Number of protein chains: 2
Amino acid sequence: MRYKCIVAYDGTNYYGFQIQGDLKTIELEIITAIKKAFSIDAKIYASGRTDKEVHAKGQVFHFDMDIEVLPNSVKKALNSFLPDDIYILSVEIVNEDFHARFSAKEKEYRYYINIGEYDPLKIHYMPHIDYLDIKLMEEAIHLFEGTHDFKGFASAQIDKRKDTVKTIFETKVNIIGDTVEFIFKGSAFLKYQVRRMMGLLIDIGRGYYQKEKILEVLEKKDPSISHRVAPGCGLYLYKVTY
Amino acid sequence: MRYKCIVAYDGTNYYGFQIQGDLKTIELEIITAIKKAFSIDAKIYASGRTDKEVHAKGQVFHFDMDIEVLPNSVKKALNSFLPDDIYILSVEIVNEDFHARFSAKEKEYRYYINIGEYDPLKIHYMPHIDYLDIKLMEEAIHLFEGTHDFKGFASAQIDKRKDTVKTIFETKVNIIGDTVEFIFKGSAFLKYQVRRMMGLLIDIGRGYYQKEKILEVLEKKDPSISHRVAPGCGLYLYKVTY
């Protein structure tokens, strides 16, 4: 039986999603909870990794288990063994051809910035950046839409054989009080891609670059061109659609 | 010169406001920042203490310093030495007869509860409590208004000589999406008073007690009557008025 799970987490105290030995990671906590609940050494497959301090409102993973357990009982069992800052929102039994990563049709990331006064209660959830011209950022963000080779926005350590052509379906900017919300919906995203796109957008919003810089980075396809990587704490894996 | 400061903090990682030796407390961090900034061993006087994990949006304290420094420079200097989760919002030079505690005319506390689905991103900022009848809580909260002996809502270890008669000017309940906000404005509050009032309100909202239980606790004036103390993480010292 294959179980598809949607999970939310506060990434503040984790070294990201992917397991790294005994370091505190989301994956390690989930595997440990599955072991405690069902006495099996399950391997879990997520829609993708999230970096250190990055949060999730709707990360998806799947795992296989020989026995059939009611989805809601799996949810309750896992949540009872997970720490407070990781929570399974839903569990569903899916066909064997479902794969949390390869079956994903769309991923949605959101990035939040506090543009009001510095707020010590928000530091783990959105960076505080002032003097941003949001109108310039809104004009620029749409240049990311469409199918492009995003190699220029990838991690500098990217595997050269990796396919870096991805499609961004939609981008959007919303201002909610002192918070600015940036939405990216796409087919898939490279490691660091959203944080590097946001980093350049922030530099555009502060007037360091014109929006055409985005086209230049897309064209040069050189991930070593230095530009700001936006802090992980503002990023949320919001939703994965299948 | 007497300096009045308004400070906001995330209480999550602190053992409350009041200094307790080397334990991580808000007061210790502020005193340390003053020492680093101005090389003086200042004593600070706050409007009141806040418990472990309790937050502040507008705590007030004052301290004295022989030299005159521009208020905005004091703000910048202290913030540069304070940790990220404590932030001085404003500094002003006041008369010598100003006292952060004794001059306070009104204190406003707010308490937040998540009544929607469990959210791992909110656990340090509001408890998750479901099955609450907010209408019952709203009817009950107004019974706290007026001048009463709040001894029944004080800490069980309260000093018997302490004056426990306080006035609550106003109470209010607001529902904002999945969040319920409870507002208490009063002359002053006893240790644990807001959390014990909220604890009883939660029991009323869950149907364990009728609202008349509030009148009974006020009348009996016995702080040892057991009722729920609401978690510290949902409480915010919101504003102090002089």
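Convention: sequence-line order gives letters A, B, ...; per-chain numbering from 1. What you are looking at is a predicted structure, and each value in this text was computed from that prediction instead of being measured.
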Can you see which heavy atom on B:Pro120 is nearest to which on A:Ala8, and at what distance?
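Heavy atoms of B:Pro120 and A:Ala8 come nearest at CG-O, 3.4 Å.
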
Measure A:Leu82 against the heavy atoms of chain B and call it side chain, backbone, both or neither at under 4.5 Å.
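Contact with chain B involves no heavy atom of A:Leu82 at all.
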
Counting only heavy atoms closer than 4.5 Å, note whether A:Ile86 contacts chain B via side chain, backbone, both or neither.
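Backbone only.
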
Who passes ring pair (Phe, Tyr, Trp, His ring centres under 6.0 Å) against A:Phe144, sequence neighbours left out?
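Per chain and number, A:Phe144 pairs via ring pair (Phe, Tyr, Trp, His ring centres under 6.0 Å) with A:Phe153.
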
Can you list the donor-acceptor atom pairs spanning chain B and chain A that come in under 3.5 angstrom?
| residue | atom | partner | partner atom | Å |
| --- | --- | --- | --- | --- |
| B:Lys57 | NZ | A:Asp119 | OD2 | 3.4 |
| B:Lys75 | NZ | A:Glu117 | OE2 | 3.3 |
| B:Asp84 | O | A:Tyr118 | OH | 2.4 |
| B:Glu117 | OE2 | A:Lys75 | NZ | 3.3 |
| B:Tyr118 | OH | A:Asp84 | O | 2.4 |
| B:Asp119 | OD2 | A:Lys57 | NZ | 3.4 |

